[in-house]
Amino acid sequence: MLIEDYDLEIFTPPCDPGAERYAARARLTVDISEVLPYLNATLRGAIYYPGANALTWKKAGHSLAFHAYELAVSNLEDRNGAEEELKTVVDLVNRTWERRAEITPDNTTRQRPTAMAIFKLLPRTNCKKCGEPTCFTFASKLAVSQKKLTDCPPLAEAQYSEQRAALESLVIEAPSTSKGG
Ligand code: SF4
């Protein structure tokens with residue numbers, strides 16, 4: 001096991017007082033830099049900064065950050081949720097480290113697509129079936145993993161098959177399965 005113990009801190013980010021969103025931070029006693037390329041290879045949508053020994057990932061609207069001696073989660077609704085999410089992240093790091101022989105590490109830095117790049121590939125009918133007022137609003141949320149491609153029903157129609165294929169290769173979506181924690 002890579003991370004066996006850590007100091008936990010739960011707080012409301014000072015840049016957003018009163019917002020009732022919580023963050024949690026784990027201060028580690030081990031350097032987890034070596035696991036970052038393996039996380040980068042397995043977490044769809046992760047952004048790895050090799051020079052800074054840091055990796056960020058969006059998961060179901062939460063922001064996760066992995067540093068050499070620190071893990072952090074933010075944008076959680078309550079303290080318990082923040083603590084539980086942090087435990088999940090610690091488990092993810094440990095599982096990935098244990099599986100590293102099966103994973104080809106990835107040292108590249110991927111960029112998130114812009115909302116405009118996504119918008120250009122959407123049906124652009126503003127039909128609101130995704131629950132958003134406009135296709136651009138949907139694109140903005142898709143760009144930060146707050147929406148999924150399947151939330152836009154028209155994309156399943158045959159006439160949009162080419163755009164959908166292009167979006168699938170472009171868009172970063174956080175997985176909801178155990179592959180990504
Ligand atoms: S469901 Fe798709 S086409 Fe309709 S508004 Fe949302 S993004 Fe646009």
Side-chain angles (χ1 to χ4, degrees), residues 12-13 15-24 36-50 52 54-66 71-82 84-86 88-89 91-92 95-96 103-104 106-181:
T12 300
C15 58
D16 202 9
E20 297 183 359
R21 305 298 288 184
Y22 289 85
L36 299 184
Y38 296 95
L39 290 167
N40 191 38
T42 53
L43 299 182
R44 196 172 175 201
I47 300 180
Y48 179 38
Y49 307 93
L55 180 140
T56 60
W57 187 43
K58 292 272 187 186
K59 177 190 167 195
H62 312 319
S63 300
L64 281 58
F66 305 73
L71 296 171
V73 299
S74 59
N75 204 26
L76 279 300
E77 289 182 5
D78 55 52
R79 299 181 74 87
N80 287 343
E84 286 303 312
E85 185 64 21
L86 194 58
T88 301
V89 176
D91 288 344
L92 170 65
R95 282 203 318 272
T96 304
I103 303 167
T104 302
D106 182 353
N107 285 291
T108 60
T109 300
R110 292 182 291 269
Q111 299 295 324
R112 285 183 176 275
T114 64
M116 183 55 75
I118 294 171
F119 172 71
K120 287 178 178 174
L121 291 166
L122 289 173
R124 289 189 278 172
T125 59
N126 297 331
C127 71
K128 302 182 175 60
K129 289 178 182 171
C130 57
E132 300 300 330
T134 66
C135 291
F136 191 80
T137 306
F138 179 83
S140 301
K141 293 192 173 183
L142 197 61
V144 294
S145 303
Q146 291 178 351
K147 286 282 184 179
K148 296 179 179 175
L149 279 178
T150 51
D151 292 332
C152 170
L155 278 177
E157 296 171 13
Q159 61 178 318
Y160 297 119
S161 60
E162 285 187 17
Q163 285 110 303
R164 183 183 170 90
L167 282 163
E168 283 173 347
S169 64
L170 177 73
V171 166
I172 292 166
E173 289 185 347
S176 57
T177 65
S178 60
K179 180 186 175 190

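Counting from 1, the numbers follow the sequence of the chain as shown. All of these numbers come straight from a predicted model, not from anything done at the bench. Ligands are counted one by one from 1 in listed order, and the atoms in each one are counted from 1 as well.
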Total protein N, O or S atoms, atom 6 (Fe) of ligand 1, separation less than 2.8 Å: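 Number of qualifying protein atoms: 1.
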So does Glu132 get a backbone contact from the side chain of Lys147, meaning a donor-acceptor N/O pair under 3.5 Å?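 Side chain of Lys147 to backbone of Glu132: no pair is present.
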Tell me the closest heavy-atom pair linking Arg44 and Trp57, and the distance in Å.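 So the minimum-distance heavy-atom pair works out to O-NE1, 3.0 Å.
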Side chain to side chain contact (heavy atoms under 4.5 Å, CB included) evaluation trace for Leu55 with Tyr49: CA-CA 6 Å; Leu55 180 140; Tyr49 307 93; 6.0 Å; no
Might you confirm whether atom CD of Glu168 has over 12 heavy atoms from other residues, nucleotides or ligands at distances under 6.0 Å?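 Yes, enclosed.
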Should we count CD of Gln159 as having more than 12 external heavy atoms under 6.0 Å?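 Count over threshold, so yes.
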Run the numbers on Asn40 and Asn107 for side chain to side chain contact (heavy atoms under 4.5 Å, CB included), then give the verdict. CA-CA 7 Å; Asn40 191 38; Asn107 285 291; over 6 Å; no
